[in-house]
Amino acid sequence: MSNAAAAMPIDSAPDAESLKQEALSQVQFAASLDALEQVRVAVLGKKGSLSLAMGQLGRMPPEERKTFGASINAAKQAVEEALATRKQALEASEMEARLKTEIADISLAVRPEAKGAIHPISKVMTEIQEIFADMGFAVALGPDIETDWYNFTALNIPPEHPARQMHDTFYLQGEEGNRPVLRTHTSPVQIRAMQAGQPPIRIIAPGNTYRADSDATHTPMFHQVEGIVIDKGIHMGHLKGCLEGFLKRFFGLETVPLRFRPSFFPFTEPSAEVDIGCKRGPDGVDVGKGTDWLEILGCGMIHPVVLKNGGIDPADYSGFAFGMGVERLAMLKYGMADLRLFFEGDLRWLQHYGFSPLS
C-alpha cells in the first residue's frame, strides 16, 4: 500500500484559527504570571491544544498536511508572541505594585554608624612618597618574598651575620643556603633597581618588611622606606642635604637639628645613624626642640661591593642610601606611644588617630 493510500482523511480536523483565537483570549485574560504559565502549558505544553493539533499532521493526506502545517505554525508563533508581550506587561505591573508598597522613608535619620578613616601608616607612607617625589625620586617596588641572594648576599651581608639567623628572620622551606625569605628590609629593591638600569638612579622603595621581633617598639611586620641615589661624584654632603630637606618638610620645621653618628651596616661604607633633636616630656617627644636626641634612621655611602652586585662600576659611580621605619616616623609626628596599636584593629584608636579621606 502506498503512503498516499495510508494517509486517511480526518473527519473533524482541528481548526487552527479557532485554536489560535481561543489561546489568545486565554493569554489576554491571564491575571498573573502563574496564570500565564498555566495558559502556556495548556496551549504549548506536551499535551497542549496546539501541540496535539500538530501531532495530527502525520495522519493527514499530503495535500492537506502542507496547508494545515502552515496554519498551525502561524498560530503557534502568534501565541508565543502574545505570551511574551503579556509576560512583560505583567512583570511591569508587579514591579509597579511592589514599588508602591515597598517605600523607604529617606527622610529618617541614619544610625550613628562608625565612619571610615585613613590609617596613620597609609597617611605617612603617602606623605613620604609625595615629599621625595618633589625631590626627584621615583618609587620602586619589589617582592615581599625574596631570595637569600637579594636579601643578604648581594647587600654584602656575610653568612655569619646575626641577621641571617632564624631568631631574626622568617625563612620559608627550601634548600639550606638558598631558602626563600620574607624580606627583612626593602634594600633588595635597590639591587633590582641597579640591575634594571644604569645611573643616574634616584629611587625610594616603600613597603612591608618582616622580622621575628615583637614589643612596644617592634612588630613582626612593619613598614620601611629606603632610598638610593647613584651618580658620578655623589658624596656624604649630598646625603645630609637630602635627609635634612626631607625631615624639615615632614615635621614642618624651618630648621632641623641633626646628628650623624658613625655606625656599621654591611651595605654602606661609611655608615651613620641619624639622630634628630627633640625635647622629651610627660606628654611625649617634641621634635625639633630641646637638647635631647632621638635616633630616627640609618644611612651611608653605598658599599662598592653592593654597587658591583647591582652591575654598576664603583670606579665610575658612587651613591648614598638611607632607610627609615614608617611606624617610628608616625609615632613621632602624631604622638603615638605603642607600636603594637597600629596593628590591633581597634576602631576607637583609628577614630582617634585616623585621618578623614577628604581632609
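Keep in mind that the numbers below use all heavy atoms, side chains included, and drop hydrogens, waters and symmetry copies.
Ring planes of Phe343 and His223: parallel class, angle under 30° (limits at 30 and 60°). Taking the six-membered ring where the residue is Trp, Phe246 and Phe132 present parallel rings, their angle staying beneath 30° rather than reaching 60°. Between His185 and Phe267, the angle of the ring planes goes over 60°, which puts this pair in the perpendicular group of the 30/60° scheme.
Transitive grouping of hydrophobic side chains (ILVMFWY, heavy atoms separated by less than 4.5 Å) brings Tyr334 and Ile128 into a common cluster. Taken together through direct or relayed side-chain contacts under 4.5 Å among Ile, Leu, Val, Met, Phe, Trp and Tyr, Tyr353 and Val326 form part of one hydrophobic cluster. No continuous path of ILVMFWY side-chain contacts below 4.5 Å connects Val189 to Leu182, so the two sit in separate hydrophobic clusters. Both Met125 and Met135 belong to a common hydrophobic cluster when Ile, Leu, Val, Met, Phe, Trp and Tyr are linked at side-chain heavy-atom distances under 4.5 angstrom. Hydrophobic cluster membership differs between Phe29 and Val43, with clusters built from Ile, Leu, Val, Met, Phe, Trp and Tyr side chains linked at under 4.5 angstrom.
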(request) Any chance you could lay out the side-chain contact (heavy atoms from CB on, under 4.5 Å) test for Phe322 and Cys242, step after step, and finish with the verdict? (result) CA-CA 10 Å; Phe322 57 85; Cys242 175; 4.2 Å; yes

(message) If you apply the rule side-chain contact (heavy atoms from CB on, under 4.5 Å), what do you find for Met54 with Lys76, and how did you get there?
(response) CA-CA 10 Å; Met54 293 184 70; Lys76 179 181 178 183; 4.2 Å; yes

(message) Under the criterion side-chain contact (heavy atoms from CB on, under 4.5 Å), I'd like the reasoning laid out for Glu127 against Phe250: C-alpha separation, chi angles, the key distance, then a yes or no.
(response) CA-CA 7 Å; Glu127 290 179 14; Phe250 181 78; 3.4 Å; yes

(message) Quick one, Arg249 with Asp134, criterion salt bridge (charged side-chain N to carboxylate O under 4.0 Å, His left out). Give me CA distance, side-chain angles, the key distance, then yes/no.
(response) CA-CA 11 Å; Arg249 183 167 169 187; Asp134 289 344; 2.7 Å; yes

(request) Show the numbers, then the answer: is there a salt bridge (charged side-chain N to carboxylate O under 4.0 Å, His left out) between Glu96 and Lys100? (result) CA-CA 6 Å; Glu96 184 178 356; Lys100 289 180 179 179; 3.7 Å; yes

(request) Run the numbers on Leu329 and Met324 for side-chain contact (heavy atoms from CB on, under 4.5 Å), then give the verdict. (result) CA-CA 8 Å; Leu329 290 176; Met324 60 191 76; 3.5 Å; yes

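Geometrically, Arg192 engages Tyr150 in a cation-pi contact, judged by NZ or CZ lying under 6.0 Å from the ring centre and within 45° of the ring axis.
The closest side-chain heavy-atom distance from Val229 to Ile201 is not below 4.5 Å. Between Thr268 and His303 there is no side-chain heavy-atom pair separated by less than 4.5 Å. For the pair Trp293/Arg261, no side-chain contact is recorded, criterion being any heavy-atom separation below 4.5 Å from C-beta on. You'll find the side chain of Arg179 stays beyond 4.5 Å of the side chain of Leu172, heavy atoms only. In this structure, Arg183 and Ile145 have side chains that are not in contact, with every pair of non-hydrogen atoms separated by 4.5 Å or more. Using a 4.5 Å heavy-atom threshold, the side chains of Phe152 and Pro158 count as separate. Here the side chains of Met194 and Ile230 are in contact, with some heavy-atom distance below 4.5 Å. For the pair Ile296/Leu247, a side-chain contact is recorded, criterion being any heavy-atom separation below 4.5 Å from C-beta on.
Around CD of Gln198, the count of heavy atoms belonging to other residues, nucleotides or ligands within 6.0 Å exceeds 12. Residue Lys248 qualifies as enclosed at atom NZ: its count of foreign heavy atoms under 6.0 Å is above 12.
Contact record, Ala53 with Leu19: CB-CD1, 3.7 Å, taken as the closest heavy-atom pair. Minimum interatomic distance between Leu24 and Ala78 (heavy atoms only, all atoms of both residues): CD2-O, 3.9 Å. The heavy-atom pair separating Asp231 from Pro200 by the smallest distance is OD2-CB, 3.4 Å. Of all the heavy atoms in Cys278 and Leu294, the pair that sits closest is SG-CB, 3.9 Å. Taking every heavy atom of both residues into account, Ala154 and Ile191 meet most closely at O-CD1, 3.8 Å. Taking each heavy atom of Ser51 and Gly45 in turn, the nearest pair found is OG-O, 2.6 Å.
Between the CG atom in Leu253 and the OG1 atom in Thr255 there is a gap of 7.0 Å [rounded to 0.5 Å]. The line from NZ of Lys232 to OH of Tyr317 is 4.5 Å long, rounded to the nearest 0.5 Å. Of the inter-residue distances, the one linking Phe355 atom CZ with His119 atom NE2 reads 10.5 Å to the nearest 0.5 angstrom. The CD1 atom of Ile312 lies 9.5 Å from the CD atom of Gln195; values are rounded to the nearest 0.5 Å. Leu347 contributes atom CG, which lies 13.5 Å from atom NE2 of His352 (distance to the nearest 0.5 angstrom). Note: Lys240 NZ to Phe260 CZ = 6.5 Å, rounded to the nearest 0.5 Å.
Of the possible polar contacts, one joining the Thr186 side chain to the Ala205 backbone as a donor-acceptor pair under 3.5 Å is found. Side chain of Thr85 to main chain of Glu81: a donor-acceptor pair is present (N/O by atom type, distance under 3.5 Å, no hydrogens or angles). Side chain of Ser263 to main chain of Glu273: no donor-acceptor pair is present (N/O by atom type, distance under 3.5 Å, no hydrogens or angles). Under a 3.5 Å cut-off, the side chain of Asp313 and the backbone N or O of Lys308 do not form any donor-acceptor pair. A distance-only check finds a donor-acceptor pair linking the side chain of Arg211 to the backbone of Thr184 [under 3.5 Å]. Between the side chain of Thr126 and the main chain of Ser122, a donor-acceptor pair closer than 3.5 Å is present. Panel note: side chain Thr101, backbone Ala97; a donor-acceptor pair is recorded below 3.5 Å. Using modelled atom types, no side-chain atom of Lys279 and backbone atom of Val287 make a donor-acceptor pair closer than 3.5 Å. Judged by distance alone, with hydrogens and angles left aside, the side-chain atoms of Arg86 form a donor-acceptor pair with the main-chain N or O of Ala30 at under 3.5 Å. With hydrogens and angles ignored, the 3.5 Å screen pairs a side-chain donor or acceptor of Asn309 with a backbone N or O of Val305.
Side-chain contact check for Gln224 and Thr209: no donor-acceptor pair (N or O, by modelled atom type) lies under 3.5 Å.
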